Amino acid sequence: MDVYYRAIPNRGPGRPEGAQWLAGGWCWFDRVELLRRGTNPQIITLDECPAEVLERMSQPRAPLCGSDWTQPWIMGVLNVTPDSFSDGGVFHAAHDALEHARAMVADGADLIDIGGESTRPGAETVPVETEIARTKPVIAALSQDLGAPISIDTRKAPVAAAALEAGAVLINDISGLCYDPAVLQLAVDQKAPVCLMHSAADPKVMQQNPNYDDALLDIYDFFSAQIAHAGAAGLPRNRIILDPGIGFGKTLAHNLALLSRFSLFHSLGCPLLIGVSRKSFIGKLSGVESAADRVPGSVAAALAAVSSGAQILRVHDVAATRQALSVYSAVITGQEGSA
Ligand code: HH2
């Protein structure tokens with residue numbers, strides 16, 4: 001693409017006449033940033049923005065997984081793995097996994113994301129049978145009475161199929177439909193929504209010298225191409241969630257470029273998910289070595305994403321995020337219980 005349009009999000013009082021709601025949600029905008037490769041950004045008014053782009057930015061997103069996207073959702077992370085980067089081994093036993101999922105829902109999680117393969121930098125691929133054995137029984141046990149929808153965090157069609165059969169309702173594919181082509185066909189056949197996350201390469205090698213022409217715009221183009229590819233196969237845009245994949249083949253500068261202009265991705269017309277929780281960029285910015293000690297930085301980054309209109313926050317620390325979100329939203333809008 002030659003030209004990219006980013007709604008500049010605002011919240012709270014002072015919304016001017018003529019401002020539009022971003023994705024039918026809680027942010028409004030009355031200015032758009034025009035971006036081109038190799039040139040300085042330019043600010044334009046809504047009148048100067050093409051009508052079809054404005055429509056994509058502002059139209060309410062189609063309901064998915066029980067959300068109408070008028071409030072940010074908290075996705076609680078449940079890693080049923082021995083080696084995840086921040087909580088590996090903690091919830092590996094089925095009993096601990098069930099208890100933790102229920103505790104996250106009690107703490108205010110709207111959705112639980114269950115994964116059986118660590119995708120931390122340098123991680124080895126886990127055999128399909130192992131991944132199914134870790135995730136399927138937990139999903140089957142939880143889907144009866146959890147009180148929140150479940151997503152399966154996998155790149156592999158057989159794992160996703162087993163999870164959907166056990167009661168999961170969303171496929172969270174960190175390869176953005178690039179690792180296993182059968183994931184797309186499965187989503188089409190099962191009419192399942194997909195979270196399409198960008199990853200520069202396989203987790204094993206993704207942090208070895210990640211390189212972009214322009215990380216923000218390259219990832220926007222990747223999403224555009226994958227939405228078209230999915231649409232041609234029968235998975236429509238209104239069943240796709242997008243996630244730029246913080247930390248997946250990205251330097252600190254790449255992550256910050258993506259987070260500071262995150263609202264660009266609303267121009268693609270899909271709900272947006274962001275996973276910043278406990279990630280290494282927070283350690284780099286704050287000097288905090290241990291992933292479990294990065295909760296304050298994680299919450300700060302999550303709130304910033306909500307102010308850019310992110311519809312789903314993927315987090316390990318549900319209670320802390322829920323408390324921060326309630327206070328932040330009330331203070332910024334002047335209304336208790338607001339999004
Ligand atoms: N991050 C991780 C895993 N899955 N999915 C989406 N959509 N977005 C993310 O940012 C994302 C993700 C990595 O975090 P975690 O699951 O805690 O670690 P590990 O991969 O080591 O299990």
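What you see is a predicted model; the values in this text were computed from it and never measured. Start at 1 and go down the list; that is how both ligands and their atoms are numbered.
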Quick one: which ligand 1 atoms are inside 4.0 Å of a heavy atom on Gly275? 10 (O)
Atom 17 (O) of ligand 1 sits nearest the protein heavy atom His316 NE2, 2.6 Å
Report yes if Glu117 has an N/O atom closer than 3.5 Å to an N/O atom of ligand 1; otherwise report no. no
Which ligand 1 atoms does Arg120 reach within 4.0 Å, using its non-hydrogen atoms? 20 (O), 21 (O)
Smallest separation among heavy atoms of Gly76 and Val318, with atom names: CA-CG2, 3.9 Å
Would you find more than 12 non-hydrogen atoms of other residues, nucleotides or ligands less than 6.0 Å from Glu48 atom CD? yes
Using distance alone, with no hydrogens and no angle criterion, decide if Arg6 and Ser263 have a side-chain donor and acceptor under 3.5 Å apart. yes
Can we call the ring centroids of Tyr212 and His254 under 6.0 Å apart? yes
Does ligand 1 have a heavy atom under 4.0 Å from the side chain of Thr119, from its backbone, from both, or from neither? both
What protein heavy atom is closest to atom 8 (N) of ligand 1, reported as residue, atom name and distance in Å? Asp243 OD2, 2.6 Å
of all protein heavy atoms, closest to atom 10 (O) of ligand 1 is Lys279 NZ, 2.6 Å
What one should report as the nearest heavy-atom pair of Pro72 and Asp110 is O-OD2, 4.1 Å
Donor-acceptor pairs under 3.5 Å, side chain of residues 130-138 to any protein atom, not counting sequence neighbours: which ones?
unit_1 : atom_1 : unit_2 : atom_2 : d
Glu131 : OE1    : Lys156 : NZ     : 2.6
Glu131 : OE2    : Thr154 : OG1    : 2.7
Arg134 : NH1    : Gly116 : O      : 2.7
Thr135 : OG1    : Glu131 : O      : 2.7
Lys136 : NZ     : Glu165 : OE2    : 3.0

Does a donor on one side chain and an acceptor on the other come within less than 3.5 Å for Thr81 and Asn79? no
Distance under 6.0 Å and angle within 45° of the ring axis: does Arg15 meet both against Trp21? yes
Any side-chain donor paired with an acceptor under 3.5 Å for Thr45 and Asp47? no
Shortest protein heavy-atom distance from atom 4 (N) of ligand 1, along with the residue and atom involved: Asp153 OD2, 2.9 Å
Please list, in number order, the atoms of ligand 1 under 4.0 Å from a heavy atom of Ile174. 4 (N), 5 (N), 12 (C)
Arg37 and Asp218: CA distance, side-chain angles, deciding distance, salt bridge (Lys or Arg N to Asp or Glu O under 4.0 Å) verdict: CA-CA 10 Å; Arg37 290 176 193 269; Asp218 289 1; 2.7 Å; yes
If you measure from each non-hydrogen atom of Leu273 to ligand 1, which part falls under 4.0 Å: side chain, backbone, both or neither? side chain
If you compare Arg314, Met75, Met197 by their heavy atoms, the one closest to atom 2 (C) of ligand 1 turns out to be Arg314
Identity and separation of the nearest protein heavy atom to atom 18 (O) of ligand 1: Phe85 CD2, 3.2 Å
Check each atom of ligand 1 against the heavy atoms of Ser84 and keep those under 4.0 Å away; list them by number with element. 19 (P), 21 (O), 22 (O)
Among protein heavy atoms, which lies nearest atom 21 (O) of ligand 1, and at what distance? Ser118 OG, 2.7 Å
the protein heavy atom lying closest to atom 5 (N) of ligand 1 turns out to be Asn172 ND2, 3.1 Å
